[in-house]
Asks: 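Have a look at this one before I ask anything.
Only a predicted model underlies this, so the values are computations on that prediction, with no experimental measurement involved. Proteins get letters first, then strands, A, B, ... in listed order; numbering begins at 1 in each.
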2 protein chains.
Amino acid sequence: MEPSHTTMTDPADETGPPAFDHPCPIRDVLDRIGDQWSLLILGALAPRTLRFNELSRAIGDISRQMLSRTLKRLEADGFVQRTLYPEVPPRVEYTLTALGHSFLVPMQQLVYWADAHHEDICRSRRAARALDAGDH
Amino acid sequence: MEPSHTTMTDPADETGPPAFDHPCPIRDVLDRIGDQWSLLILGALAPRTLRFNELSRAIGDISRQMLSRTLKRLEADGFVQRTLYPEVPPRVEYTLTALGHSFLVPMQQLVYWADAHHEDICRSRRAARALDAGDH
DNA sequence: CAGAATCCTTGAAGATACTG
DNA sequence: CAGTATCTTCAAGGATTCTG
């Protein structure tokens with residue numbers, strides 16, 4: 001856990017207005033992937049470019065509202081590129097940027113870990129619940 | 001994104017929502033690390049065992065409330081072990097389990113990525129804000 | 001088709017105070 | 001020392017409606 005936390009108090013980068021860019025890199029990334037939808041969207045876009053409604057169907061239970069919002073953030077952060085084709089009816093395509101793809105590399109490792117250890121976690125939870133139920 | 005996500009768009013898996021243990025391993029893990037404190041706690045415990053108040057001081061701006069809650073969840077999920085020494089005054093030590101340590105391995109990769117690309121993200125954000133300010 | 005605008009609910013987190 | 005108990009706030013996310 002070294003790199004991110006030791007640098008977060010770096011007093012030398014006072015180049016701009018504070019209070020809106022996050023001081024801690026990993027926090028920034030976690031805020032992005034911590035939400036309900038970002039990772040699902042990135043995963044859906046990983047193999048191929050998709051249009052708005054294709055993305056909506058691919059994910060299934062996401063509201064248009066949240067899909068729109070989340071895509072905007074991902075676009076603003078440079079993970080996703082949005083391309084509007086000025087036709088009628090309008091067509092908009094979303095595709096991963098190089099940054100977006102590169103992000104999925106370490107993320108994939110985490111997915112592997114999660115798959116490998118999910119059972120351990122569930123077992124631990126059941127044990128905890130059993131204890132909790134027994135002692136009150 | 002193979003193992004976890006390709007299966008969740010599968011239209012054929014309507015076997016009924018079990019509704020108690022999370023169906024998606026990665027979601028489970030993300031829920032844990034997505035919150036404000038879990039990762040900070042794991043990071044603090046990585047190099048050494050700590051007592052409750054040591055942990056509190058190590059993290060700094062966490063309330064006792066949240067420290068207690070988060071530790072309980074981490075303990076229930078098997079990331080952290082809690083040991084109570086029945087002395088007066090009481091002493092409680094928290095330490096990472098093998099599962100907790102193994103989790104930090106892929107997590108570390110994500111931290112590296114975040115450090116390496118934080119500037120890209122910030123730059124992208126600034127550009128997005130500039131565009132946004134210009135077009136309305 | 002691809003969103004934006006609006007309103008509302010809920011859970012996460014903070015503040016504060018108390019306890020074995 | 002190591003917590004728990006309440007109360008409150010706040011923002012993420014959902015539902016619904018409207019539009020170029």
Asks: Would you say the side chain of A:Leu104 lies within less than 4.5 Å of the side chain of A:Leu96, judging by non-hydrogen atoms?
Replies: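 Yes, close enough: below the 4.5 Å cut-off.
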Asks: Check this for me, if you would: do A:Asp28 and B:Arg125 make a salt bridge, where the nitrogen-to-carboxylate-oxygen distance has to be below 4.0 angstrom?
Replies: yes
Asks: Sort and list the pairs that fulfil salt bridge (Lys or Arg N to Asp or Glu O under 4.0 Å) and have at least one residue in residues 63-72 of chain B, not counting sequence neighbours.
Replies: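 Listed by first then second residue: nothing to list.
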Asks: Which residue pairs pass the salt bridge (Lys or Arg N to Asp or Glu O under 4.0 Å) test when at least one of the two sits in residues 85-95 of chain A, sequence neighbours left out?
Replies: A:Glu87-A:Arg91, A:Arg91-A:Glu93
Asks: Check every nucleotide of DNA chain C for an atom under 4.0 Å from a heavy-atom of chain A, then give the first and the last such nucleotide from 5' to 3'.
Replies: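 The footprint of chain A covers C:dC1 to C:dT6.
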Asks: Can you sort out the partners of A:Thr97 under side-chain contact (heavy atoms from CB on, under 4.5 Å), two or more places apart, ordered by chain and number?
Replies: A:Gln81, A:Leu99
Asks: Hey, are the side chains of B:Ile121 and A:Phe79 touching, using non-hydrogen atoms and a 4.5 Å cut-off?
Replies: yes
Asks: Looking only at non-hydrogen atoms, find the nearest pair between B:Ala76 and A:Ser124 and report the distance.
Replies: O-OG, 2.8 Å
Asks: For the residue pair A:Pro25 and B:Ala114, what are the closest heavy atoms and their distance?
Replies: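 Scanning both residues completely, I find the closest heavy atoms to be CB-O, 3.7 Å.
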Asks: Side-chain heavy atoms under 4.5 angstrom apart, residues restricted to Ile, Leu, Val, Met, Phe, Trp, Tyr: same cluster for B:Tyr85 and B:Val80?
Replies: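 In one cluster: no.
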Asks: Would you check, one step at a time, whether the test side-chain contact (heavy atoms from CB on, under 4.5 Å) holds for B:Thr83 with B:Tyr94?
Replies: CA-CA 6 Å; B:Thr83 310; B:Tyr94 292 92; over 6 Å; no
Asks: For A:Ser102, which residues count as a side chain to side chain donor-acceptor pair (under 3.5 Å) partner, sequence neighbours excluded?
Replies: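 Result, side chain to side chain donor-acceptor pair (under 3.5 Å) vs A:Ser102: B:Trp113.
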Asks: Give the C-alpha distance, both sets of side-chain angles, the deciding distance and a yes or no for side-chain contact (heavy atoms from CB on, under 4.5 Å) between B:Ile26 and A:Met107.
Replies: CA-CA 10 Å; B:Ile26 187 64; A:Met107 202 56 221; 4.2 Å; yes
Asks: Which parts of residues 47-54 of chain A get close to DNA chain C, meaning a heavy atom less than 4.0 angstrom away?
Replies: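 Residues of residues 47-54 of chain A under 4.0 Å from DNA chain C: A:Arg51, A:Phe52, A:Asn53.
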Asks: Please tabulate, one pair per line, all N/O donor-acceptor pairs under 3.5 Å involving side-chain atoms of residues 36-63 of chain B, not counting sequence neighbours.
Replies:
residue: B:Ser38; atom: OG; partner: B:Arg32; partner atom: O; Å: 3.0
residue: B:Ser38; atom: OG; partner: B:Asp35; partner atom: OD1; Å: 3.2
residue: B:Ser38; atom: OG; partner: B:Asp35; partner atom: OD2; Å: 2.7
residue: B:Thr49; atom: OG1; partner: B:Thr95; partner atom: OG1; Å: 3.0
residue: B:Glu54; atom: OE1; partner: B:Arg51; partner atom: N; Å: 2.7
residue: B:Ser63; atom: OG; partner: B:Met66; partner atom: N; Å: 3.2

Asks: Summarise how protein sits on nucleotides 14-20 of chain D as a single string, 5' to 3': B when a protein heavy atom is under 4.0 Å from the base, S for sugar-phosphate-only contact, - for no contact.
Replies: BB----B
Asks: Whole angstroms only, please: what is the NZ-P distance between A:Lys72 and D:dA12?
Replies: 15 Å
Asks: Name every residue in residues 73-85 of chain A that has at least one heavy atom under 4.0 Å from any atom of DNA chain D, in order of residue number, or write none if there are no such residues.
Replies: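 Residues of residues 73-85 of chain A that come under 4.0 Å of DNA chain D do not exist, since none gets that close.
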Asks: Does B:Tyr94 make a side-chain N or O approach to OP1 or OP2 of D:dC1 shorter than 4.0 Å?
Replies: no
Asks: Estimate the overall bend of the helix from C:dC1-D:dG20 to C:dG20-D:dC1 from the end axes over five pairs each, rounded to 10 degrees.
Replies: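 That helix gives 50° between its end axes.
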Asks: Output all residues satisfying side-chain contact (heavy atoms from CB on, under 4.5 Å) with B:Arg123, sequence neighbours left out; order by chain, then residue number.
Replies: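 With sequence neighbours excluded, B:Arg123 shows a side-chain contact (heavy atoms from CB on, under 4.5 Å) to B:Glu119, B:Asp120, B:Arg126, given in chain and number order.
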